[in-house]
Amino acid sequence: MTAPILRRLSDLRALHSDWRREGARIGLVPTMGALHEGHLSLVAAAKAACDRVIVTIFVNPKQFNNAEDLAKYPRTELADAEKLAPYGVDAIYVPDPDQIYPEGYATTVSVAGLTDVLEGEFRPGHFDGVATVVAKLFLQCGADAAFFGEKDYQQLMVVTRMARDLDIPITVQGCATVREASGLAMSSRNLRLSPEALGKAGQLYPVLQDLANQLRGGADFGDIVAGARATLATAGFGEIEYLDLRCAETLEPLSRPDRPARLLVAAWLGGIRLIDNIAVDQLND
Ligand code: PAF
């Protein structure tokens with residue numbers, strides 16, 4: 001059965017009080033729609049851990065630092081609701097824009113430090129937009145747990161920090177990236193890749209896997225990154241905005257995985273910006 005679509009905060013709050021009276025544990029999956037298997041895996045995780053699940057769909061203008069990207073972002077509400085039907089979610093919250101940013105809205109939530117690097121460097125203002133809307137969705141939905149994909153690893157770190165810093169009583173749960181058979185991380189942006197670019201896009205993940213293997217073998221990141229960049233260029237990738245080894249918690253740069261670490265990449269392919277990341281186990285020596 002298709003879940004009710006709610007567009008007003010007052011309707012969401014009414015439902016929420018009923019659920020609280022039942023003593024239900026409430027799960028939240030925040031999305032911008034154009035749902036794919038990655039989102040659906042978050043919904044499945046939320047359903048497994050919670051009694052009631054809210055999926056939100058809101059294309060948040062404040063997190064787009066490029067007007068064209070915002071305009072081209074796919075909007076597929078009906079198809080999204082159909083994809084959610086088999087999961088038995090309890091509500092789909094598609095807030096009218098004024099329910100998130102009413103007339104005179106003036107508050108920004110900004111997480112320092114973690115947002116200065118990687119995506120933050122190339123998409124100024126993006127994480128302020130994310131932290132602001134996610135803080136609002138956490139507070140509006142009053143959920144006990146929220147589910148985010150590791151594909152947007154830095155986002156996961158930022159919203160975890162934000163909820164902790166603001167004492168929002170919610171558990172932020174990261175879930176493994178879901179990949180196409182080719183290895184390409186699922187993303188709503190993949191819909192915009194040409195068939196030719198789609199054929200090449202699967203080569204990003206093996207480059208990360210290969211780097212991770214070399215690091216596990218004791219290599220220094222500085223000695224192997226140029227080779228990985230050259231492999232991507234040969235595969236047809238354009239500008240590589242970053243390809244870094246970072247501490248998995250603080251995101252500070254590392255040359256060796258001497259603590260839990262993450263390889264993260266952002267690269268352009270056929271006019272589309274792709275991001276991906278992979279965990280690198282800690283070397284114990
Ligand atoms: O990952 C996304 O789709 C968005 O950044 C989020 C978390 C829904 C906030 O708009």
Side-chain angles (χ1 to χ4, degrees), residues 6 9 12 27-43 45-46 53-66 69-77 79-81 83-84 89 91-97 99-101 105 107-111 114-115 118-120 122-141 143 145-164 166 168 170-178 185-192 264 266 272-277:
L6 311 176
L9 177 56
L12 181 67
L28 166 66
V29 181
T31 81
M32 297 204 297
L35 301 184
H36 51 65
E37 291 298 322
H39 297 112
L40 298 176
S41 75
L42 303 179
V43 174
V53 172
I54 306 168
V55 175
T56 66
I57 300 178
F58 181 67
V59 181
N60 172 33
K62 285 199 193 293
Q63 72 185 75
F64 286 80
N65 50 325
N66 175 325
D69 197 22
L70 172 61
K72 285 196 175 156
Y73 205 84
R75 287 160 174 87
T76 55
E77 186 182 308
D80 290 343
K83 284 182 191 159
L84 289 171
V89 305
I92 307 175
Y93 181 45
V94 190
D96 290 335
Q99 301 296 284
I100 301 291
Y101 302 121
Y105 185 87
T107 300
T108 297
V109 178
S110 192
V111 178
L114 278 177
T115 61
L118 303 167
E119 292 296 289
F122 291 91
R123 302 184 67 191
H126 167 68
F127 283 125
D128 283 1
V130 170
T132 301
V133 80
V134 172
K136 290 212 60 154
L137 292 170
F138 281 1
L139 294 168
Q140 291 193 347
C141 296
F147 297 79
F148 289 84
E150 286 185 348
K151 147 102 188 342
D152 294 295
Y153 186 79
Q154 191 176 8
Q155 167 172 280
L156 174 61
M157 297 294 102
V158 168
V159 297
T160 303
R161 182 80 257 163
M162 177 276 290
R164 234 180 253 161
L166 297 181
I168 302 179
I170 194 165
T171 304
V172 176
Q173 170 87 52
C175 300
T177 302
V178 178
M186 292 205 184
S187 164
S188 308
R189 286 200 170 75
N190 295 352
L191 291 174
R192 287 162 51 195
L264 301 106
I272 304 300
R273 186 175 183 276
L274 299 178
I275 63 171
D276 203 350
N277 67 86

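When a ligand or atom number is given, it counts from 1 through the structure's own listing order. In what follows, every heavy atom counts, from backbone to side chain, and hydrogens, waters and symmetry copies are set aside. All residue numbers in this chain count up from 1 along the given sequence.
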Where does T31 meet ligand 1, judged by heavy-atom distances below 4.0 Å: at the side chain, the backbone, both, or neither?
backbone
Starting from atom 9 (C) of ligand 1, what is the nearest protein heavy atom, named by residue and atom, and what distance separates them?
Q63 OE1, 3.3 Å
List the closest protein heavy-atom neighbour of atom 1 (O) of ligand 1: residue, atom name, distance to the nearest 0.1 Å.
Q155 NE2, 2.8 Å
Quick one: are L166 and L139 in side-chain contact, heavy atoms under 4.5 Å?
no
Answer yes or no: is there a side-chain heavy-atom contact under 4.5 Å between F64 and M32?
yes
Mark up the atoms of ligand 1 that fall under 4.0 Å of a heavy atom belonging to F148, in ascending order.
7 (C)
Identify, by atom number and element, the atoms of ligand 1 in contact range of V133, meaning under 4.0 Å from any of its heavy atoms.
9 (C), 10 (O)
If I compare all heavy atoms of T56 with all of P30, which pair ends up nearest, and what's the gap?
OG1-CA, 3.1 Å
For M32, atoms of ligand 1 separated by under 4.0 Å from a heavy atom:
3 (O), 4 (C), 8 (C), 10 (O)
Would a 4.5 Å heavy-atom cut-off, applied to side chains only, mark N60 and Y101 as touching?
yes
Can you name the closest pair of heavy atoms from S188 and H39 and give their distance?
OG-CE1, 3.7 Å
